[in-house]
Amino acid sequence: MTDAIRRHDPLVKGFASDNYAGVHPEILQAVALANEGHQIAYGEDVYTQALQEVFRGHFGPSAQAWPVFNGTGANVVALRAMTAPWEAVVCAESAHIHTDEGGAPERSAGLKLLTVPTPDGRLTPELIDTQAWGFGDEHRAQPRVVSITQATELGTLYTPEGVRAICEHAHQLGMLVHLDGARATNAAAALGVPLRAFTTDAGVDVLSFGGTKAGLMFGEAIVVLNPDAVRGLRYLRKNSMQLASKMRFVSVQFEALLAGDLWLRNARNANAMAARLAEAVRRIPGVEVPRAVQANAVFAILPAEVTQRLQKRFRFYTWNEATGEVRWMTAFDTTEADVDTFAAAVAEEMRAQA
Ligand SMILES: Cc1ncc(COP(=O)(O)O)c(C=O)c1O
């Protein structure tokens with residue numbers, strides 16, 4: 001028995017973000033399984049050790065997994081380990097590390113980000129070249145890492161070939177590739193490929209692997225695919241405040257997600273619900289869906305008044321005030337009924353507007 005009180009309505013769901021969802025029941029079960037008794041703290045526990053094998057199964061024999069608390073932490077620690085103090089990271093202007101991490105890469109890691117405008121959140125070798133220059137010039141922060149996001153912040157995907165082309169190009173320039181995979185499971189499910197197809201097999205050096213959006217309570221993992229790409233990760237994770245003492249509870253969640261097919265079931269559901277939502281709202285006169293819907297994000301352009309009224313009924317974010325673009329995210333627990341109810345509300349508010 002607990003003295004805690006349920007303070008929310010479990011039937012209410014929104015489309016603001018996939019991290020508004022709760023924890024998948026199989027993950028909660030795993031946390032309970034790892035509970036009771038004592039285990040060595042700081043990652044020397046049996047769950048974290050077993051997890052290495054699980055990650056090697058997905059990413060190949062040289063993969064090393066470093067559990068951390070959150071995605072910002074995974075990105076910052078990974079990028080710190082990949083760069084020297086005079087080096088810089090090339091990323092899309094829309095990259096989470098640039099737009100949504102409160103300046104953590106700059107503030108807590110002293111990282112210089114060299115940003116590139118992109119049409120759809122994706123970098124290409126040509127776009128990378130707009131910032132990958134000045135090698136050997138002491139006046140320019142030395143481009144060292146290309147950081148890409150899969151699925152991107154704009155809901156688009158890189159094909160495995162697209163990632164390979166970026167990795168080959170970066171490596172030719174003497175650079176490394178980091179992949180922010182907060183939604184890597186959604187990408188693999190949508191592409192119908194194993195997780196390693198656009199990571200290990202494409203030449204990515206280091207990955208931030210997302211757990212929270214895939215159904216965990218919390219927890220992400222830095223996955224080192226090329227051990228020569230990082231220095232001091234063990235020390236950097238601690239002095240970046242990302243070393244969990246009760247790490248067994250992060251690790252066992254990842255085991256539950258990745259040892260079987262839970263990751264795929266969750267990602268497939270989120271993606272399918274986004275496709276269903278896009279199809280439904282495209283049929284509503286006056287609603288524009290301006291971007292490709294490739295994973296679990298749907299972007300739409302609506303009149304501002306409609307957005308305001310809808311936001312009183314459902315949680316979601318405005319992406320661009322100027323254009324009226326909004327973002328709707330689906331999660332592992334979004335149901336067809338949730339989508340249909342929401343699409344009906346969009347249709348109703350659009351009719352009221354007309
Ligand atoms: C692309 C991307 N990277 C990383 C993160 C992780 O962020 P957090 O620090 O909130 O776990 C997010 C979460 O929104 C994200 O969308």
Side-chain angles (χ1 to χ4, degrees), residues 13 15-27 30 51 54-60 63 65 71 74 96 120-122 148-164 166 179-202 204 207-217 219-221 223 225 253-280 289 291-299 327-336 338-339:
K13 292 188 205 151
F15 291 83
S17 182
D18 30 11
N19 58 18
Y20 276 48
V23 183
H24 192 281
E26 290 174 40
I27 305 274
L51 189 63
V54 174
F55 270 96
R56 283 198 289 267
H58 282 284
F59 294 102
H96 198 266
D120 60 7
R122 284 181 291 203
I148 59 176
T149 309
Q150 172 84 314
T152 72
E153 293 76 1
L154 297 176
T156 49
L157 293 175
Y158 289 93
T159 60
E161 297 71 37
V163 178
R164 190 170 308 121
I166 286 174
L179 187 144
D180 177 349
R183 297 188 181 88
T185 58
N186 298 95
L191 292 164
V193 298
L195 287 160
R196 59 178 294 157
F198 54 84
T199 53
T200 321
D201 296 349
V204 168
L207 164 72
S208 299
F209 185 76
T212 314
K213 293 175 172 71
L216 269 56
M217 183 183 298
E220 316 274 303
V223 187
L225 303 172
Q253 292 181 76
F254 270 120
E255 187 180 350
L257 185 74
L258 293 172
D261 68 349
L262 181 59
W263 68 274
L264 192 56
R265 283 185 273 135
N266 283 354
R268 274 188 183 148
N269 182 73
N271 294 349
M273 293 307 105
R276 185 180 182 92
L277 178 58
E279 200 188 314
V289 178
R291 301 179 192 278
V293 177
Q294 297 183 325
N296 65 326
V298 178
F299 290 82
R327 185 190 76 165
W328 298 322
M329 301 293 307
T330 51
F332 74 85
D333 66 343
T334 307
T335 63
E336 291 185 353
D338 295 330
V339 169

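Residue numbers count from 1 along this sequence.
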side-chain contact (heavy atoms from CB on, under 4.5 Å), that's the test. Do F209 and T185 meet it? Break it down for me. CA-CA 9 Å; F209 185 76; T185 58; 3.7 Å; yes
Between T200 and V223, is there a side-chain heavy-atom distance shorter than 4.5 Å? no
Between atom NZ of K13 and atom OG1 of T330, what is the distance when rounded to the nearest 0.5 Å? 11.5 Å
What's the shortest heavy-atom distance between A256 and I27, and which atoms? CB-CD1, 4.1 Å
Where do L262 and F332 land on the side-chain contact (heavy atoms from CB on, under 4.5 Å) test, with the steps shown first? CA-CA 10 Å; L262 181 59; F332 74 85; over 6 Å; no
Any idea which heavy atoms bring A221 and F55 closest together, and the distance? CB-CZ, 3.9 Å
From T212 OG1 over to R183 CZ, what is the distance, rounded to the nearest 0.5 angstrom? 10.5 Å
Could you give the distance from CG (L157) to CZ (F198), rounded to the nearest 0.5 Å? 8.5 Å
Taking all heavy atoms of A295 and all of A274, pick out the closest pair and write down the distance. O-CB, 3.4 Å
CZ (F254) and NE2 (H58) are apart, to the nearest 0.5 Å, by 11.0 Å
Any I166 side-chain heavy atom under 4.5 Å of Y158 side chain: yes
Show the numbers, then the answer: is there a side-chain contact (heavy atoms from CB on, under 4.5 Å) between T152 and D120? CA-CA 8 Å; T152 72; D120 60 7; over 6 Å; no
Tightest non-hydrogen contact, residues A189 and N271, listed as CB-ND2, 3.7 Å
With a 4.5 Å cut-off on side-chain heavy atoms, are N296 and M273 touching? no
State, with a plain yes or no, whether a side-chain heavy atom of L257 is found less than 4.5 Å away from one of N266. yes
Show the nearest heavy-atom pair for residues A16 and M329, with the distance to one decimal. O-CG, 3.6 Å
Hey, what do you get for NZ (K213) to OH (Y20), rounding to the nearest 0.5 Å? 11.5 Å
Within a reach of under 6.0 Å around CZ of R196, are more than 12 heavy atoms found that belong to other residues, nucleotides or ligands? yes
Between G155 and A297 the two heavy atoms that sit nearest each other are CA-CB, 3.9 Å
Between CZ of R327 and CZ of R291, what distance do you get to the nearest 0.5 Å? 11.5 Å
Any donor-acceptor pair under 3.5 Å linking the side chain of E255 with the backbone of L51? no
Heavy-atom side-chain proximity of L207 to L195 below 4.5 angstrom: no
Dump the intermediate steps for side-chain contact (heavy atoms from CB on, under 4.5 Å) on L191 and Q150, then the final yes or no. CA-CA 11 Å; L191 292 164; Q150 172 84 314; 3.7 Å; yes
Would you check if the side chain of Q294 reaches a backbone N or O of A190 as a donor-acceptor pair within less than 3.5 Å? no
